[in-house]
*Asks:* 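The structure that follows is given in the form of structure tokens.
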Amino acid sequence: QVQVVESGGGLVQAGGSLRLSCRASGRPFRMDDLGWYRQVPGYQRELVATVTRDGATNYTDSVKGRFTISRDTVRNTGALQMNSLKHEDSAVYYCNVRGRLLGWGHAFDSWGQGTQVTVSS
């Protein structure tokens, strides 16, 4: 199986920056798509940003111009650079990795445990 672990969360003042990292490991695999999602207690998880294997990116409107998603298909890592953070960005951020297991060729969809981001006003 493929495990995903996020890191880099923490407490930051409004207007500050934070960089989240994501690493996928385990059985050999090919990473296809990587996405960042966030969730506030009591609310549904929402998409923040995604990047496909061919490099196409997509952002939710509220973070456009402030967040930048990236990934390294060789190292099987991803990142979310968050600038000009707002209090409304506070949430648990989750990394989602999708791809194909090498050998078996089965598709997988793995989620990390999440990392807390708290932005003070």
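On a predicted model such as this, the values are computed, not experimentally measured, just so you know.
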*Asks:* State, to 0.1 Å, how close F67 and Y59 come at their nearest heavy-atom pair, and which atoms those are.
*Replies:* O-CE2, 3.3 Å
*Asks:* For residues 67-77, which residue pairs pass the side chain to side chain donor-acceptor pair (under 3.5 Å) check, not counting sequence neighbours?
*Replies:* none
*Asks:* Identify the heavy atoms of Q113 and Y94 that sit nearest to each other, and give their distance.
*Replies:* O-CE2, 3.3 Å
*Asks:* Donor-acceptor pair, H87 side chain versus V119 backbone, under 3.5 Å?
*Replies:* yes
*Asks:* Would I69 and N58 count as a side chain to side chain contact (heavy atoms under 4.5 Å, CB included) if you check the C-alpha gap in whole Å, the side-chain angles of each, and the deciding distance to 0.1 Å?
*Replies:* CA-CA 9 Å; I69 188 172; N58 181 54; over 6 Å; no
*Asks:* Please identify each residue that fulfils side-chain contact (heavy atoms from CB on, under 4.5 Å) with N96, with sequence neighbours left out.
*Replies:* Y37, R98, D109, W111
*Asks:* Please report the shortest heavy-atom distance between V4 and S110, naming the atom on each side.
*Replies:* CG2-CB, 3.7 Å
*Asks:* Hey, can you tell me if F108 and F29 have their rings parallel, tilted or perpendicular (30° and 60° cut-offs)?
*Replies:* perpendicular
*Asks:* Kindly give the cluster partners of V40, where membership spreads through any ILVMFWY side chain lying under 4.5 Å from a current member.
*Replies:* Y43
*Asks:* So which atom in T115 and which in E6 form the shortest heavy-atom distance, rounded to 0.1 Å?
*Replies:* CG2-CB, 3.9 Å
*Asks:* Decide if atom CD of Q39 counts as having more than 12 heavy atoms of other residues, nucleotides or ligands within a radius under 6.0 Å.
*Replies:* yes
*Asks:* Residues in side-chain hydrogen bond (donor to acceptor under 3.5 Å, both in side chains) with T57, at least two apart?
*Replies:* none
*Asks:* On a heavy-atom basis, which atom in A49 and which in L80 lie closest, and how many Å separate them?
*Replies:* CB-CD1, 4.3 Å
*Asks:* Under 4.5 Å between side-chain heavy atoms, counting indirect links through other Ile/Leu/Val/Met/Phe/Trp/Tyr residues: same cluster for V92 and L34 or not?
*Replies:* no
*Asks:* If you group Ile, Leu, Val, Met, Phe, Trp and Tyr whenever their side-chain heavy atoms sit less than 4.5 Å apart, what else falls in with V74?
*Replies:* none
*Asks:* Show every donor-acceptor pair shorter than 3.5 Å between a side-chain atom in residues 8-27 and any protein atom, with sequence neighbours excluded, or say none if there are none.
*Replies:*
unit_1 : atom_1 : unit_2 : atom_2 : d
S17    : OG     : N83    : OD1    : 2.9
R19    : NH1    : S21    : OG     : 3.1

*Asks:* Kindly state each residue pair satisfying salt bridge (charged side-chain N to carboxylate O under 4.0 Å, His left out) with at least one member in residues 83-93, sequence neighbours excluded.
*Replies:* R38-D89, R66-D89
*Asks:* Once you round to the nearest 0.5 Å, how far does OG1 of T52 lie from CG of D33?
*Replies:* 6.0 Å
*Asks:* Can you sort out the partners of T60 under side-chain contact (heavy atoms from CB on, under 4.5 Å), two or more places apart, ordered by chain and number?
*Replies:* S62, V63
*Asks:* What residues, two or more places apart in sequence or in another chain, satisfy side-chain hydrogen bond (donor to acceptor under 3.5 Å, both in side chains) together with S7?
*Replies:* none
*Asks:* Under the 4.5 Å side-chain heavy-atom rule for ILVMFWY, direct or indirect, which residues accompany L102?
*Replies:* none
*Asks:* Just jot down the side-chain hydrogen bond (donor to acceptor under 3.5 Å, both in side chains) partners of S84, sequence neighbours excluded, or say none.
*Replies:* none
*Asks:* Which residues pass the side-chain hydrogen bond (donor to acceptor under 3.5 Å, both in side chains) test with D32, sequence neighbours left out?
*Replies:* R30
